[in-house]
Every structure is written in C-alpha cells, then in structure tokens.
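Taking it in order: structure first as structure tokens, then the write-up.
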Amino acid sequence: MRDVIIIGSGPAGFTAAIYAARAELKPMLVASSVEVGGELMNTTEVENFPGFPEGIMGPELMGKMQAQAERFGTEVVYDDVVKLELDGDVKRVTLGTGDVHEARTVIYATGSAYRKLGLPEEDRLSGHGLSWCATCDGFFFKEKEIAVVGGGDSAMEEATFLTRFASKVYIIHRREELRASKIMQQRAFDDPKIEFIWNAEIAAIQGTDAVTGVTLRDTVSGDERELPLQGLFVAIGNDPRVHLVHGQLDLTTEGTVAVQGRSSKTSVPGVFAAGDVLDPTYRQAVTAAGSGTVAALDAEHYLAARADAAGESDPETAFAVAN
C-alpha cells in the first residue's frame, strides 16, 4: 500500500513527485511507456521557465525535473495506466503489464494533447517552425511572416499575441465566419498586421528542416495554392486526457477535471488533479508545475487528516485503524 501514486510525467507530475517525496510519502510516478516528459519533450528551447535565464531545451528541463524527483526517492515506472478504480479509501491503479498497485491517494496529472491537423509533416516539423503555443515560441519569430490556423478565441488570441513579434500574421480558417467571440474577432480585424484567409485549409506543410510555407486548399472550389511562410501555429483546440476517469470524476464543460476552488481536490476524496488536465486556459509549464505543488500538498494534508482522525501518528497504522 502506497501513500500516493502520481499518473503523468509532465511538469505537474514531476513537481508533485518532488514535493511528495520530500514529505516522505514515497510516491510512485507512472510516467508512460513511450511519452515520458509530456508536451515539453516536443519543444526546442524554453525561455520562459523561471531559473534559466539563458533558456533550456524542453527535454533537458524535463530530465532535470525527473532527476530531482528521483533524488528524493520517487519511484518512476515506465508503463501505461490502463484502468483506475478510484472509489473507496483504497485506490487501485492497473498498468499495461497487468500489475495492480494500491494507494491511499492518487494525483492525476495526465495533461492535455493539442489537436493536430493530421498531416504527415507535423511530427517532423514540430519545433522547427511549427508550434501549438504562441506564448512559448512567439519570440523566435521576430520580423517573420507566419500563420495561425483556427477560428476560435484561442486562434484570435494567438494571432494577436504573435503580432508583437512577426511582421505579418495570416489567420487561416476553413469557413467564412469565425467561432470566436465578437470582441476577440474585432481585435483581430483591427490589427494591421493580421490578414484573414477564408474558406481555406492546409493540404500540406512545406519544408525539409524548417517550415517554408504551406499548401492551401480552397474548401469551396478545391483549388490549391502555395503560401510562403516562416512559421505556422496550430490553434484548433486541445483535448484533456481524461479517458481514464470518465464516469468516476466530475468534469467541467470544457472537458477538464473539475476541482474545488483553487485546490486540486476532485469530486472523489483522496483523488487530486494537477496541470493541464484541469486547466483549460493557461496551459503553461510553470502553471502546471505550480499546480503539481498544490496537489502534493493537498494529498499530504489529506493523509495527515486521516491520521489525526484515527488518533495515530503513523500513517500506515492510522489508515488501518480508520478502515
């Protein structure tokens, strides 16, 4: 029986592990069998994470977080969670190997996945002119011509933000009207650096080592044309990774895990959420890390409260007495 199992290996998961391990909760972190480190593993230089004035590569940052968590005693397991049983005082986590681990608390930090265009060039050019995060990568596109794909509030916000750096920002939208709120639309319409390309979708992304342009397909006529670019930002939404907790944890209208106020407490006692899986708005490495801190502290307080209620100082004995 473990005090805490952490599911997810991004900034939220590893920060939760650091705090939980330093509190001597001996956490186990399930890191995934193929995608250890979360979305930062797909980025190049990270310049906005505090403490690295010269910047740091995404994979290197995640490696340092993992090393720090392991230094304090976190056990990292390279496997995938295939089933969660969260009801009751004992939580059960089933891995792809068939192993079942039990814990008093679970921290769910599986993050979210950016929606992709479904083009074969995306994986190859990710981090090489192709991005899903303007606030992460916009600085690298000073005085360049770039494009944003999407028609919602996120796309308008990304495009407006990118005008601080780029010389020209195209907004490519597959229809002739936007889904974005009126105020966000007007802000984009009023920006002299932004040009809209209506009724268009991206048929291909050009470039071998970096983005050099896109092939646009007219969604009405089917005609295709080339648009030279030095950067492409995809803003068509993201999907929180909540498939393991459907029917077990309450979700918000945005599809993220619902928590109580500014805490990490979910609708099930002893289960805590952290990072992008509960955040539909900010989705930054530093906010995810802060969220992981909150989750670890909430888990620690939960375990301490159980021990106090049982009148025992030793968590193992207290949990047995309370049950």
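- Contacts of Ala295 classified as side-chain contact (heavy atoms from CB on, under 4.5 Å), with partners at least two apart in sequence or in another chain: Ile107, Ser264, Phe272, Ala274.
- Taking both residues in full, the closest heavy atoms of Pro27 and Ala17 are given as CG-O, 3.8 Å, listed atom of the first, atom of the second, then distance.
- At distances below 3.5 Å, not a single donor-acceptor pair connects side-chain atoms of His301 with backbone N or O atoms of Ala305.
- Taking the ring centroids of Phe72 and Tyr19, they lie at or beyond the 6.0 Å cut-off.
- Surrounding CD of Glu224 are more than 12 heavy atoms belonging to other residues, nucleotides or ligands, all under 6.0 Å away.
- Val271 is connected to Val257 through a chain of hydrophobic side-chain contacts under 4.5 Å among Ile, Leu, Val, Met, Phe, Trp and Tyr, so both are in one cluster.
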* Asked: Do Gln248 and Val268 pass the side chain to side chain contact (heavy atoms under 4.5 Å, CB included) test, and can you show the C-alpha distance, the side-chain angles, and the key distance before you say yes or no?
  -> CA-CA 8 Å; Gln248 298 193 74; Val268 175; 5.6 Å; no

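- Taking a 6.0 Å sphere around CD of Glu157, one finds it holds 12 or fewer heavy atoms contributed by other residues, nucleotides or ligands.
- Between the side chain of Asn199 and the main chain of Glu176, a donor-acceptor pair closer than 3.5 Å is present.
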* To do: List the steps and the verdict of side chain to side chain contact (heavy atoms under 4.5 Å, CB included) for Ile183 and Gln186.
  => CA-CA 5 Å; Ile183 188 170; Gln186 196 59 50; 5.9 Å; no

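- What you find for Asp3 and Thr105 is that their closest heavy atoms are O-OG1, 2.7 Å.
- Each of Ile6 and Val77 belongs to its own hydrophobic cluster when Ile, Leu, Val, Met, Phe, Trp and Tyr are linked at side-chain heavy-atom distances under 4.5 angstrom.
- The distance from the CG atom of Leu232 to the CZ atom of Phe141 is 9.0 Å, given to the nearest 0.5 Å.
- Under the 30°/60° scheme for interplanar angles, the aromatic rings of Phe52 and Phe49 are found to be tilted.
- Between Met62 and Gly10 the shortest heavy-atom distance is CE-C, 3.5 Å.
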* **Stepwise side chain to side chain contact (heavy atoms under 4.5 Å, CB included) test for Thr215 and Gln206** => CA-CA 7 Å; Thr215 300; Gln206 307 300 331; 2.6 Å; yes

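- Neither Met57 nor Trp132 shares a network with the other; the hydrophobic side chains, linked directly or stepwise wherever heavy atoms of I, L, V, M, F, W or Y lie under 4.5 Å apart, form separate groups for each.
- Residues Pro240 and Thr256 come closest through the heavy atom pair CG-CG2, 3.6 Å.
- Val149 and Phe161 end up in different hydrophobic clusters when Ile, Leu, Val, Met, Phe, Trp and Tyr side chains are linked at under 4.5 Å.
- Looking only at distances, no side-chain donor or acceptor of Ser126 sits under 3.5 Å from a matching main-chain atom of Asp123.
- Between Phe196 and Phe189, the ring planes are tilted. Angles from 30° to 60° get that label.
- Among all heavy-atom pairs drawn from Tyr114 and Cys133, the shortest one is OH-CB, 4.0 Å.
- Heavy-atom contacts from other residues, nucleotides or ligands closer than 6.0 Å to CZ of Arg174 number 12 or fewer.
- The number of heavy-atom neighbours closer than 6.0 Å to CZ of Arg115, taken from other residues, nucleotides and ligands shown, is above 12.
- The number of heavy atoms from other shown groups lying within 6.0 Å of CG (Asp190) is above 12.
- One distance of note links CD1 of Ile205 with CZ of Arg124; it measures 8.5 Å at 0.5 Å rounding.
- By the 6.0 Å and 45° rule, Lys168 stacks over the aromatic ring of Tyr170.
- Inspection of the Thr252 and Glu254 side chains reveals an N or O donor paired with an N or O acceptor under 3.5 Å.
- With rounding to the nearest 0.5 angstrom, the OG1 atom of Thr74 is 10.0 Å from the CG atom of Leu25.
- Environment of NZ in Lys91: crowded, with over 12 heavy atoms of neighbouring residues, nucleotides or ligands closer than 6.0 Å.
- In this structure Ser167 satisfies the side-chain hydrogen bond (donor to acceptor under 3.5 Å, both in side chains) test with no other residue, sequence neighbours excluded.
- For Leu130 against Val211, the heavy-atom pair with the smallest separation is N-CG2, 3.8 Å.
- Rounding to the nearest 0.5 Å places CG of Leu178 at 11.0 Å from CE of Met184.
- The main-chain N or O of Leu119 is never found under 3.5 Å from a side-chain atom of Glu121 such that the two would form a donor-acceptor pair.
- We find the CD1-CG distance between Ile172 and Leu117 to be 9.0 Å, quoted to the nearest 0.5 Å.
- Rounding to the nearest 0.5 Å places CD1 of Ile18 at 10.5 Å from CD of Glu70.
- Residue pairs meeting the side-chain hydrogen bond (donor to acceptor under 3.5 Å, both in side chains) criterion with at least one partner in residues 285-295, sequence neighbours excluded, do not occur; the list is empty.
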* Let me see the working for Met1 and Arg104 under side chain to side chain contact (heavy atoms under 4.5 Å, CB included), right down to the final yes or no. => CA-CA 7 Å; Met1 174 72 69; Arg104 302 177 179 90; 3.6 Å; yes

